[in-house]
Amino acid sequence: MTSLRDKIVFITGASSGIGRACAFAFAREGAKLLLAARRKDRLDELAPQLLQAGAPAIHSMALDVRDNAAVERTITNLPDEFRDIAVLVNNAGLSRGLDPVQTGSLDDWNEMIDTNVKGLLHVTRAVLPGMIARGHGHVISLGSTAGHVTYPKGAVYCATKAAERVISEGLRQDCLGTPVRVTSVDPGMVETEFSEVRFRGDMQRAAAVYKGLTPLRPEDVADAIVWAATRPAHVNIAEIQLTSIDQANSLLFHRE
């Protein structure tokens, strides 16, 4: 088992959901936290709780991963004590709408592609050279069962998560011969703000997604991420798929 004590863990989309759960999970491991989100006020509210949970130090940043110039500027100007990033958790992502391709929104498509695919690449490209130069590092990206099994009216979102899976596969090959590990963590349904974001605040429609079943919790996914990050240095967990007992894949659910 690899200790994460005093190691720097960079989490994008850390203000809510899986990213927030990861922040607490890594804090309990004694990691120093580098947290990014568009809503920095939420990160500032979390900081005292994360310190109490065990994080020895925290640096929070407002960052939109879609903006490559902002990503590069942020990584270049990190405080000296937060430059040595040991673990990158590419968590920032979202879904918009649930429409067939023939009536889909171009704005929704662009937001998903720019965040889930290009944003992941922006951050990884900015952080990875430093990991290779220092001789250690781990890139963990959030995928989805949607990247393995496509569902109706979700073609573009599913495509972005398939892209994450393939990018992780390619990155693992590109990093062969370096000490950098690459992992894709692909959960099924998780009860977070995901559906609220997808349906633009329609709480009734968002609640219906989870009706009659028990979804994963953000903490379940964070536990899998920390497990992957704490394996011995010679062990690379390539991919983790996890669902609740009520889900078989992106299409099949058991509801009471």
Side-chain angles (χ1 to χ4, degrees), residues 11-25 37-39 42 45-46 49 89-113 115-117 119-120 140-165 184-227 239-256:
I11 305 169
T12 65
S15 63
S16 64
I18 294 170
R20 181 183 186 277
C22 284
F24 279 97
R38 288 181 293 178
R39 299 170 294 191
R42 286 197 178 190
E45 291 173 5
L46 286 176
Q49 302 171 55
V89 181
N90 278 315
N91 169 74
L94 80 167
S95 180
R96 288 290 195 192
L98 191 63
D99 304 292
V101 170
Q102 59 268 33
T103 58
S105 162
L106 288 174
D107 288 341
D108 288 350
W109 294 354
N110 286 329
E111 187 175 10
M112 287 186 283
I113 293 167
T115 304
N116 300 357
V117 182
L120 179 150
I140 303 174
S141 297
L142 261 292
S144 170
T145 55
H148 297 262
V149 178
T150 307
Y151 55 80
K153 300 182 180 180
V156 176
Y157 173 72
C158 293
T160 67
K161 288 305 177 180
E164 178 281 326
R165 176 174 55 81
S184 180
V185 177
D186 303 348
M189 184 181 291
V190 187
E191 189 166 11
T192 64
E193 294 179 0
F194 178 89
S195 291
E196 296 173 32
V197 171
R198 164 168 262 176
F199 300 127
R200 298 188 181 276
D202 186 335
M203 303 299 288
Q204 185 174 0
R205 193 176 180 190
V209 172
Y210 310 108
K211 187 175 181 180
L213 55 73
T214 301
L216 293 172
R217 300 170 301 162
E219 291 77 15
D220 299 323
V221 184
D223 182 57
I225 290 169
V226 171
W227 177 80
E239 183 180 287
I240 300 173
Q241 284 194 63
L242 64 156
T243 65
S244 84
I245 197 68
D246 290 332
Q247 180 178 4
N249 55 40
S250 296
L251 291 170
L252 297 177
F253 300 86
H254 170 74
R255 297 181 189 269
E256 297 291 344

* Asked: Just checking, is any N or O donor in the side chain of S16 or R39 under 3.5 Å from an acceptor N or O on the other one?
  -> yes
* **Interatomic spacing from CD in E196 to CG in L94 - rounded to 0.5 Å** => 13.0 Å
* Side-chain heavy-atom pair P152, L251 within 4.5 angstrom cut-off ->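 A side-chain contact exists here, since the closest heavy-atom pair is under 4.5 Å.
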* Asked: Say you draw a straight line from OG of S184 to CD1 of I240; how long is it, rounded to the nearest 0.5 Å?
  -> 9.0 Å
* Is the side chain of Q247 donor-acceptor paired with the backbone N or O of H254 at a distance under 3.5 Å, no angle test? ->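 Pair absent, no side-chain N/O of Q247 close to backbone of H254.
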* Asked: Is there a donor-acceptor pair under 3.5 Å between the side chain of R20 and the backbone N or O of A14?
  ->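 Looks like no, no N/O pair under 3.5 Å.
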* To do: Keeping the roles fixed (side chain from N91, backbone from I11), state whether a donor-acceptor pair exists under 3.5 Å.
  =>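 No, N91 side chain to I11 backbone: no donor-acceptor pair under 3.5 Å.
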* Shortest non-hydrogen contact from D99 to G104? ->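 So the two residues come closest at CB-CA, 4.1 Å.
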* Are L142 and I225 close enough, and set up right, to give a side chain to side chain contact (heavy atoms under 4.5 Å, CB included), and what steps lead you there? -> CA-CA 9 Å; L142 261 292; I225 290 169; 3.6 Å; yes
* Asked: Among side-chain atoms of R198 and S95, is any donor-acceptor pair under 3.5 angstrom?
  ->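 A donor-acceptor contact under 3.5 Å links the two side chains.
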* Are D186 and H148 close enough that a side-chain donor and a side-chain acceptor fall under 3.5 Å? ->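 Side chains of D186 and H148: pair found under 3.5 Å.
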* **OH-CG distance between Y151 and N249, expressed to the nearest 0.5 angstrom** =>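 That separation rounds to 12.0 Å.
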* Show your reasoning for whether side chain to side chain contact (heavy atoms under 4.5 Å, CB included) applies to F24 and E219. => CA-CA 9 Å; F24 279 97; E219 291 77 15; over 6 Å; no
* Heavy-atom closest contact (L120 atom, E164 atom, distance) ->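 Nearest heavy atoms, L120 then E164: CD1-CG, 3.6 Å.
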* What are the two closest heavy atoms between V101 and A155, and how far apart are they? ->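 Distance-wise, the nearest heavy atoms are CG2-CB, 3.8 Å.
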* Structure fact -> Here the pair of heavy atoms bringing M112 nearest to Y157 is SD-CB, 3.7 Å
* **Check: R217 side chain, V190 main-chain N or O, donor-acceptor pair, under 3.5 Å** =>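 Checking the backbone N and O of V190 against the side chain of R217, no donor-acceptor pair under 3.5 Å is found.
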* Minimum-distance pair of heavy atoms, taken over all atoms of L216 and L242 ->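 Heavy atoms of L216 and L242 come nearest at CD1-O, 3.6 Å.
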* Shortest non-hydrogen separation from C158 to A146 and the atoms involved -> CB-O, 3.3 Å
* **Any donor-acceptor N/O pair, N116 side chain to K161 backbone, under 3.5 Å** => no
* Asked: Between the side chains of S244 and D246, does any donor sit under 3.5 Å from an acceptor?
  -> no
* Side chain proximity check, V185 to I18, heavy atoms < 4.5 angstrom ->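 They are not in side-chain contact.
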* Asked: Are T150 and S250 close enough, and set up right, to give a side chain to side chain contact (heavy atoms under 4.5 Å, CB included), and what steps lead you there?
  -> CA-CA 7 Å; T150 307; S250 296; over 6 Å; no
* Verify the distance criterion only: is there a donor paired with an acceptor across the side chains of T145 and Q241 at less than 3.5 Å? => no
* CD of E111 to CZ of R96: how many Å apart, nearest 0.5 Å? ->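 One finds 4.0 Å between CD of E111 and CZ of R96.
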* Can any side-chain N or O of T115 pair as donor or acceptor with the backbone N or O of G119 at less than 3.5 Å? -> no
* Can you tell me if CG on L252 sees more than 12 non-hydrogen neighbours from other groups inside 6.0 Å? ->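 Yes.
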* **K153 NZ to L98 CG distance, which is reported to the nearest 0.5 Å** =>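 It comes to 6.5 Å.
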* Asked: Are any of the side-chain nitrogens in R200 or E193 under 4.0 Å away from the carboxylate oxygens of its partner?
  ->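 No, R200 and E193 are not salt-bridged.
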